[in-house]
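Okay, structure first, notes after.
Keep in mind the model is a prediction, meaning the values are calculated, not measured. In what follows, every chain begins at residue 1, and chains take the letters A, B, ... in the order their sequences are listed.
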Amino acid sequence: MKVLLSWLKDYIDIQESPEKIAEALNMTGLEVEEVIQPGKNLDQIVVGKILSRDPHPDADKLSLCSVDVNRGQPLQIVCGANNMKAGDKVPVAMLGAKLPGGFEISRAKIRGVESSGMMCSKKELGLSEDHGGLYILDESAHIGEDIVKALSLDEVIFDISITPNRGDALSHLGIARELSAIFNLPLHRDPLSNEDGEDSIENHINVEIEDTSHCPRYGARVVHNIKVGPSPEWLKDRLEKAGLRSINNVVDVTNYIMLDIGHPMHAFDLSKVEGNKIVVRNARKDEKIMTLDNIEHGLDSSMLVIADANKPLALAGVMGGLNSSVSENTCSVLLEAAFFNPTTIRKTAKRLGMMSDSSYRFERGTNIDNVPIALNQAARLLKEIAGGKPVKGLADCYPKPEILRQIRVRTKRANRVIGINLTPAQIETFLLRLKLDTRRDGEDLIVSVPPYRHDLELEVDIIEEIARMYGYNNIPETLPAITSVLQLPTALQKICTRLRDHMVSCGFNEIMTYSFIPENVSDSFREKKPMMLKNPLSEDLSAMRTSLKWGMYDALRRNILNDEFNLKLFEIGRVFHPSAGGLSEEHTRLCLGFSGSQNPRDWRRNGENFDLYVIKGVVENIAKLLRVKVKFTTGSCSLFHPAMQMELIVGKNHLGEIGQLHPEFIDNKKMPKCIYLVEIDLGKAAEASEGASRMQPIPDLPAIRRDLALVAPESIGNREINKILTAEGKALLEDCYLFDVYQGKGIEPGYRSLAYSLTFRDLRKTLTDEEIQPLIDKMIGRLDRELSVKLR
Amino acid sequence: MSESHETLLQQYLSEHQTAKSTADLETLRVKYLGKKGEVTELLKGLGKMAPEERKAVGAAINDLKNRIQNSLDESMRSVALSEQNAKLNAERPDHSLPGLYPSSGGLHPVVQVAREVADIFLSMGFFMAEGPEIEEEYYNFEALNVPSHHPARDMQDTFYLESGQVLRTQTSPVQIRTMEALKPPLKMIGLGKVFRKDSDITHSPMFNQMEGLVVGENISMADLKGTLVMFVENMFGKRPHRFRPSFFPFTEPSAEMDIQCIFCEGKGCKVCKNTGWMEVLGCGMVNPKVFDAVKYDTEKYTGFAFGMGIDRIAMLRYGINDIRLLFSSDIRFLRQF
C-alpha cells in the first residue's frame, strides 16, 4: 500500500525524516518496502516550451528544437524523440543537471549541431518505465518553473507491506494512528461533518438487510445535482501517487475515502435503483450480474449482493454492477458504506476469482463505526467538487450495534511471556498511546478493543501490543531453562546421514529433484498410479513421483545434452504411493545414476565404462555399510535392458533394483548406451538392518590356501559352482572367492575359465595337505558330474 | 694405550676421513681388522709376551679394535643409507601428475547448509523431528490457526491433491505432530521440503525449510531472542541483529529477525536492497490457539517457534543468484560444492 507523507500530515504533525519514519514503522511491524521520493534527484530540470521544431540538417531521425525556458535566449536542443510539436511544454534538463540514472547534461555537439540541454521522457526522470517519447506536460505548466514544483513531485511515498492481521492499517488514518502511538504525538481527526442537506433520506431510499450475520450494518446517503466530470488536481494527484487511476469525481471521492480512512465505498446511479429500495441479500440461484469490468458472473446463494427491488446491483464488497454504475449522465448518486462479514466477502471473491481494493479491505475487517463517517465525508466532498446537493440524513441500517470486546490482561502473564518486568502503570501508558481504552483492576488491566482492531482477540494479542510498544529490541536475551525430552534419531535418519557421506566419498554428487514430475512419463518410470495435483504449476509438475528413477533419468539426460557424459549422481528423497482412503504412503529411497566412464580422468587406465558388475559392487558396498543381507535375483523392470538387470531382495521382500537403461530410453544421439540406475528403499533397508555382530576370535593356527582353475560351460554360473565348493568344503572351508574369469585363447568357445581361491583352516589344530586333498577331490568330482565343470 | 697404538688409531682416523663409500670402508676394515690387518697382527703378537704383560697389552689392543670396529659400523650404516637414498632418488616420479584415486563427490549445497544449521541446534539440546510432505489440511492450516476462509491463506499459495490433501506449505505441521506425540518440555527442529505454487528466480515450487519449537514452563520472548541470537552468531558470525514485529497466524507475538547484511556489512547493497539488513528467519511465541489444538495447558506452558528457508541461506552463503539452479541437477553447478 502506498502512503503519502503529506496526506499523513492531515492527521499528525510529524517532523521526523522519511528515513526515521520508515525505520519506526519497520520496527513496529509495518514493513516499509520502499521509500519513494520522486523529486529527490531532480535538480535543474525546468518546464520548457518548444518554440519550433526543425529536422536536423545531418540526421534523419533527429530534430532540432528551439526551447524557451524563461532564461533569456531560447535553448537549441537536438532531440531523438518524435512525439512533440511546436507549442508543447516538456521537462528540460539544463546544462549541469544530473538525471536519476546518473547521466550528466553537458554542452554537446550532436552530428555537428550544438545542443545545450535535454528534453526528457518520464523514464528519464525516473517517474515511470514508460519510454514512449517525451513527457508532454499540461498546457497550464509555467515556463521556467522547477519540474519538482510543477509536477508536485516534492512528495514522500512509503510503500508498506501490511500483514493480513492489520486491516486497520490499510489507510492513511491507520498509518497515522500507528505513528501517533510510536512517536507519542496527538492524532487530529476532522470534526465530523454534520448531516446537512435538504429534504429527507426516507423519501428516497429504504435499506433492508436480510441476514445481519453477513452484513451487520449498511448505510446509504443520497446526493443530487451531481455534475460528473474530472476531479480537481489535488484529488487526482493524491490518488495517482497512492497508485490509483483517476476515473471521475464521483468514483474518485469513494476511492479517496477508502485510502483516507480505510472504508471502501460504492456509488450507484440513483436513477437505476428501482423501487427506492436497497436490499442486502444472498444471490438467488441463476441470478447473473455484469460487473464494472464487463464480465458477467453467474451467482449462487452463497454470494452476497446489493439489490434493489428487482435485480442485483453489486457484488457486496467486491465490485459494483455495470447496470447501476455512475456515468457521465448521472445526476443523483446513492452512496454506500457498509460493514460486511469478512468471511462472506472472501468466499464470494474467491469463488468468482475476483479481488478488488474493496474486497481486500473487507476481508481483513473494516471499522463498523466508520459507516456514517464515510458517508458524510463523501457527501461533503461531492458537494465541494461536483456541485452535489446532499439529501439530509442517512439511511443507516444497524439492527444490533456491536459491543466493544473487553480483554483482561494480567501484568504477571505479560511479563512472563515477554520476559520483562513492567508495572501495570507502564503497560497502561503503552496501551493508551495505541488508543486502547484501559481500565485497572488490581494488577490486571481491562482493555476495550476499538472496532477496527479485529486482530485483538486474546490476552496474548494485547501482550504483543505491549511488546511492540516496549520495543522488541529492548527485550533481554536469555536461554530457555529447560531440558528437552530425549528423542534420538530414527534408524532411517541415521541411514540417510551415513549414506550421504558414503556416496560422496565414493565420488557421487547429490542431486535434489522436484517431488512432482510430468503426468505423461512412460509407465516404466512408475510403480503405481501417481497421486495427482489438483492445481499444478504446469503439466510437467503435476504427478507426485512414485519412484526416484524419472528424476534421475532426467538429470542424467540433461547433463549429457550439456556434454557432461561421465556422471555418478545420487538422490535421497521421498516417493509417494496412494494408499487406502485416499491417504498417501511416503517411502524414503536412494537412487543412483551412472553414465559413461568409471574413471574418466585416470591417465593410466583409459576410462573403463560402467558395467553391471561395477554397479553391483557399489550396491554390495552399500548393503555392507547398512548391514543388510541382499540377494541379487533376475529382474523384470521394463525400464531396464531385459538381461542387464537384477532385483534386490532382502529376506523375502523387494528392496530395489539395479539395471542398465533399456535402449528404448536412449533417445538422443549424445546419450551413451550404458546408463545404469539403482533404486533402493531405505525404510525397508532400515528394518532389515542387522545390529552389530559379535567379534570373532583371530585364528592363531595357520591356514592352507589352494587355487582351483576350472573350465565351465558358459551356461554355468558362479553361484552353482560356489554352492558345490562351499558344500564340500564343510566346516574347514573358511573362505572361497572367485579371482579370475577368462574367455579367449586357450579356452574352447562356449566355455570360460573360472579361478577360485580357497582358504581352509581348523581352529583347533594345524591342518595338513592330506586332510584337505579329499575335500578338493570331492569338489572336483561333483563339479564334473553335476555341472560338467572340469579342472583346467 | 701405548704410543704405537695411538699412532695406529690416528692413522685409521685420518684414512677414515677420506673414505666416502661402502667400498672404501670395506677396504679400511680389511686393512685394520681383516685376517692380516694391522690390529689383527698386533693381536697375533700377544702370544709372544709374558703373561703379566699380555693381559694389559691385550686389553689395550682390544680397546683399539673396538673403537675402530664401532667407527666402521657407524659409518657403514650412514653411508649405506645415503647410498640407498641416492639409488631411490633416481626413481623420482613426476610429482605433477594427478593422483589416481577416484575423486570424491559432493553433498547438495542445501544439504550442507541444513546440516550446519541442524548441528547448531542439536548442540543446543534440540532433537530432529520429521513429518509427511503430503499433509492433511488440518495439520498444515487449521491446527496452526489458519482457518479455511482467512486472508492468511493468501500468504502461501497451496498445491492441492486430487485426494483432498495438500503439499505442506511449511514445515510447521511437524510442530503439531510432535506436540501430539510428546509432552513438554521439548526442544525440536524439523527439516524438510515444502511446496508453494510459485516459480521465478527467487521462488521455487519446492524448497526446504527448517522449523524449530521450544515448549516448557516460563518460556519467554527473551528466551526466543537468546536462542536465535546464539544461532545466528554461530551461523553467520557475531554481527548486529534486530527483531521486527510481524505476523504469523501460529505465533503471537510474532517477529522477523534481521542480521546485518553479510555482503556489505550494513553499508547498503543490492542484496539487502540498500537497507543494510537481511531477513533470516520468522519467529514468535506459540499462539495459545495452537496449544489448544494439541491439548497443551496454555496457562502452564508457553513456547516459541521459528522457521527459515534453507535454500535462501544456501543462496546467500554461496552467492547463488537463481534458486532454480538448486533443483537443476546440473553437474557443472553441483561440482562446485
Side-chain angles (χ1 to χ4, degrees), chain A residues 26-29 163-165 343 346-347 363-364 416-419 458 460-461 463-464 467-468 472-473 475-480 482-485 487 489 493 500 504-505 507-515 531-535 537 541 555 559 564 567-568 574 576 582 584 586 599 602 604, chain B residues 98 100 102-108 110-111 125-128 132-134 149 151-152 154-155 159-164 182 185-187 193 197 199 205-206 214 216 218-223 225-227 229 242-247 252-253 255 285 288 302 326-327 329-332 334-335:
Chain A
N26 266 328
M27 297 317 288
T28 46
T163 51
N165 58 327
T343 308
R346 186 175 165 84
K347 278 186 184 162
E363 281 179 24
R364 282 156 178 75
R416 202 180 103 183
V417 169
I418 305 174
L458 305 176
V460 72
D461 299 323
I463 293 176
E464 179 175 65
R468 272 192 329 123
Y472 280 12
N473 292 310
I475 298 170
E477 290 163 9
T478 58
L479 287 174
I482 59 164
T483 303
S484 173
V485 289
Q487 290 282 296
Q493 283 172 334
R500 280 200 164 91
V504 167
S505 304
F508 289 74
N509 281 97
E510 185 177 20
I511 61 170
M512 199 182 276
T513 67
Y514 286 145
S515 301
M531 301 180 75
M532 300 298 297
L533 290 183
K534 215 194 288 181
N535 57 337
L537 206 53
L541 304 170
N559 276 304
E564 293 286 348
L567 299 162
K568 280 202 282 185
R574 296 194 195 164
F576 307 87
S584 72
E586 298 184 10
N599 34 27
D602 190 325
R604 195 154 57 193
Chain B
L100 287 175
S103 70
S104 61
L107 285 177
H108 194 278
V110 165
V111 172
F126 285 65
F127 62 83
M128 173 79 90
E133 291 173 28
I134 293 183
H149 289 284
D154 292 346
M155 293 168 88
F159 284 115
Y160 289 87
L161 285 147
E162 281 176 352
S163 56
L182 299 171
L186 57 89
K187 297 201 278 189
K193 289 176 184 157
K197 207 180 156 185
S199 182
M206 179 184 90
V214 173
N218 294 315
I219 298 294
S220 70
M221 242 180 124
D223 294 332
K225 286 186 66 182
T227 304
V229 168
R242 64 179 193 183
F243 289 82
R244 279 180 293 109
S246 188
F247 168 71
E252 187 79 16
M285 301 301 292
T302 47
L326 294 172
F327 310 106
S329 306
D330 192 326
I331 191 72
R332 297 166 300 180
L334 295 170
R335 246 185 230 132

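Of the listed residues (G164(B), G226(B), A222(B), S329(B)), the greatest number of heavy-atom pairs within a distance under 4.5 Å of chain A belongs to A222(B). Counting heavy-atom pairs closer than 4.5 Å to chain B, the top-ranked of the candidates T343(A), V485(A), N559(A) is N559(A). Heavy-atom pairs under 4.5 Å with chain B were tallied for P489(A), A467(A), S515(A); the largest tally goes to S515(A). Put simply, of R604(A), K347(A), R364(A), K568(A), the one with the most heavy-atom pairs under 4.5 Å next to chain B is K347(A). With respect to chain A, the highest number of heavy-atom pairs below 4.5 Å among I219(B), V111(B), L334(B), I331(B) belongs to I331(B). The candidate from L100(B), T302(B), V229(B) with the greatest count of non-hydrogen atom pairs under 4.5 Å with chain A is L100(B). Counting heavy-atom pairs closer than 4.5 Å to chain B, the top-ranked of the candidates D602(A), I463(A), N26(A), N509(A) is N509(A). Between chain A and the options L186(B), V110(B), V214(B), the largest number of non-hydrogen pairs under 4.5 Å is found for L186(B). Listed options S199(B), P288(B), P205(B), G216(B) were ranked by heavy-atom pairs under 4.5 angstrom with chain A; first place goes to P205(B). Chain B forms more heavy-atom pairs under 4.5 Å with one residue of G419(A), G29(A), A555(A) than with any other, namely G29(A).
Proximity to chain B is limited to the side chain of E564(A), based on heavy atoms less than 4.5 angstrom apart. Of the atoms belonging to E586(A), it is side-chain heavy atoms, and not backbone ones, that fall under 4.5 Å from chain B. Heavy atoms of P480(A) lying under 4.5 Å from chain B belong to its backbone as well as its side chain. Residue contact with chain A, scored on non-hydrogen atoms closer than 4.5 Å, involves the backbone and the side chain of M128(B) alike. Proximity to chain B is absent for every atom of N599(A), based on heavy atoms less than 4.5 angstrom apart. Residue R346(A) touches chain B through its side chain alone, counting heavy-atom pairs closer than 4.5 Å. Contacts of T513(A) with chain B are made by both backbone and side-chain atoms, with heavy-atom separations under 4.5 Å. Contacts of I134(B) with chain A are made by both backbone and side-chain atoms, with heavy-atom separations under 4.5 Å. Only the backbone of S103(B) has a heavy atom closer than 4.5 Å to any heavy atom of chain A. Contact of F576(A) with chain B is made through the side chain alone, with heavy-atom distances under 4.5 Å. Heavy-atom distances place both the backbone and the side chain of I482(A) under 4.5 Å from chain B.
Put simply, the side chain of S484(A) does not reach to within 4.5 Å of the side chain of F126(B), judged on heavy atoms. Looking at heavy atoms from C-beta onward, V460(A) lies out of side-chain contact with M285(B) at the 4.5 angstrom threshold. Looking only at side-chain heavy atoms (C-beta outward), M512(A) and K193(B) come within less than 4.5 Å of each other. Residues R500(A) and H108(B) fail the side-chain proximity criterion, which asks for heavy atoms closer than 4.5 Å. In this structure, the side chains of L533(A) and L161(B) come closer than 4.5 Å at one or more pairs of heavy atoms. In this structure, the side chains of E252(B) and D461(A) come closer than 4.5 Å at one or more pairs of heavy atoms.
Taken from OG in S246(B) to CD in E464(A), the straight-line distance is 9.0 Å, to the nearest 0.5 Å. Atoms CZ and NZ, from F159(B) and K534(A) in turn, are 13.5 Å apart once rounded to the nearest 0.5 Å. Atom CD of E162(B) and atom CG of N535(A) lie 10.0 Å apart (nearest 0.5 Å).
Under a 3.5 Å cut-off, the side chain of N218(B) and the backbone N or O of R416(A) do not form any donor-acceptor pair. Panel note: side chain S104(B), backbone V504(A); no donor-acceptor pair is recorded below 3.5 Å.
For R244(B), the side-chain hydrogen bond (donor to acceptor under 3.5 Å, both in side chains) test picks out E256(B), D258(B), with sequence neighbours left out.
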Begin with the C-alpha distance, continue with both residues' side-chain angles, and end with the deciding distance and a verdict on side chain to side chain contact (heavy atoms under 4.5 Å, CB included) for T227(B) and L479(A). CA-CA 6 Å; T227(B) 304; L479(A) 287 174; 3.9 Å; yes
*Yes or no on side chain to side chain contact (heavy atoms under 4.5 Å, CB included) for K225(B) and Y472(A), after CA distance, side-chain angles and deciding distance?*
CA-CA 9 Å; K225(B) 286 186 66 182; Y472(A) 280 12; 5.6 Å; no
